[in-house]
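Down below is the structure, laid out as structure tokens.
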Amino acid sequence: MLSSEVAGRNTARSSRPGGSRLPRLRHLPVPLLALAGLLIVGAAVAAPLRGAVGVAGVAAGVGLVAVSYVLSSLAIAWADRVNPRLVLPVGLTVYVVKFLFLGMFMLALNATGWLGLAPMGLAIVAAALTWSAAQAAWTWHAKIPYVEPAVDPSAAPTTNR
């Protein structure tokens, strides 16, 4: 596909009435709100069990997941705007790099002996599951066309039967 075709396709999609300039980012508010709820619940559970260190661990875990998933969404939205064929390679690359950095960060943090590491690890797992469930629920309820509607009705392909 030529870059002018891609640019035209994306321009048409972004100029639809009521359409978003970055349609791949419409899901972000739902999982972010879900993570905010998880942070409140996690902090309420961690406070009596581990004190301030536990609350800090929960906050760090939920925050890391939120930042990493938002950055992943931005990278995938960028790839979709540039060329839809880049979505899979960019998504997989971001996924691998994200988990390499997260693993290295957790190993470095483990070497310090920080007591909030266990609550942080649990919060990371809980936040990843919460984000996935919230995004899945949003996707199931979103009205996402499986084909892109033509902007100009005369430009729609015709079928010869």
Side-chain angles (χ1 to χ4, degrees), residues 1 6 9-10 13-14 16-149:
M1 186 178 281
V6 173
R9 176 184 162 273
N10 289 336
R13 178 171 49 187
S14 65
R16 271 197 324 247
S20 170
R21 287 189 46 84
L22 293 174
R24 288 206 178 256
L25 300 177
R26 291 180 297 167
H27 71 280
L28 287 179
V30 173
L32 286 172
L33 284 172
L35 288 187
L38 177 67
L39 179 60
I40 293 167
V41 170
V45 170
L49 297 176
R50 298 278 180 118
V53 173
V55 173
V58 168
V62 172
L64 277 171
V65 170
V67 168
S68 70
Y69 277 50
V70 167
L71 290 176
S72 295
S73 295
L74 290 171
I76 291 169
W78 169 83
D80 186 45
R81 285 182 61 90
V82 171
N83 186 340
R85 292 181 182 173
L86 291 175
V87 169
L88 182 62
V90 167
L92 291 174
T93 301
V94 169
Y95 180 81
V96 168
V97 169
K98 176 173 51 174
F99 279 98
L100 284 173
F101 280 127
L102 182 61
M104 290 187 304
F105 177 72
M106 294 290 283
L107 284 173
L109 200 55
N110 187 39
T112 66
W114 184 50
L115 297 176
L117 190 61
M120 182 175 145
L122 291 172
I124 288 172
V125 171
L129 293 173
T130 300
W131 182 287
S132 298
Q135 185 171 347
W138 178 88
T139 302
W140 291 324
H141 292 96
K143 293 181 181 177
I144 302 171
Y146 60 92
V147 293
E148 292 189 22

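The nearest pair of heavy atoms linking Ala134 to Ala34 is CB-CB, 3.8 Å. Scanning both residues, Leu117 and Leu109, for their nearest heavy atoms gives CD1-CD2, 3.8 Å. Nearest heavy-atom pair, Ala123 versus Gly57, reported as atom, atom and distance to 0.1 Å: CB-O, 4.4 Å. Closest heavy-atom contact between Ser72 and Val94: OG-CG1, 3.3 Å. Here the shortest heavy-atom pairing between Ala43 and Val55 reads O-CG2, 3.7 Å. In plain terms, the two heavy atoms of Ser73 and Trp131 that are nearest each other are OG-CZ2, 4.5 Å.
The line from CH2 of Trp78 to CG of Asn83 is 9.5 Å long, rounded to the nearest 0.5 Å. With rounding to the nearest 0.5 Å, the separation of CD1 in Ile124 from CG in Leu129 is 12.0 Å. To the nearest 0.5 Å, atom CD1 of residue Ile76 and atom CG of residue Leu86 are 11.5 Å apart. Rounding to the nearest 0.5 angstrom, the gap separating the NZ atom in Lys98 from the CG atom in Leu71 is 8.5 Å. With rounding to the nearest 0.5 Å, the separation of CG in Leu32 from NE2 in His27 is 8.0 Å. Put simply, CG on Leu35 and CD1 on Ile40 are 11.5 Å apart, with the number rounded to the nearest 0.5 Å.
A centroid separation of 6.0 Å or more is found between the aromatic rings of Phe101 and Phe105.
Looking only at side-chain heavy atoms (C-beta outward), Trp114 and Val53 come within less than 4.5 Å of each other. Taking 4.5 Å as the limit, every side-chain heavy atom of Val65 sits out of range of all side-chain heavy atoms of Thr130. Residues Leu64 and Met120 form a side-chain contact, since some pair of their non-hydrogen atoms from C-beta on lies under 4.5 Å apart. Inter-residue side-chain proximity for Gln135 and Thr139 is flagged as met; some heavy-atom pair is nearer than 4.5 Å.
In the displayed structure, Tyr95 atom OH is contacted under 6.0 Å by at most 12 heavy atoms of other residues, nucleotides or ligands.
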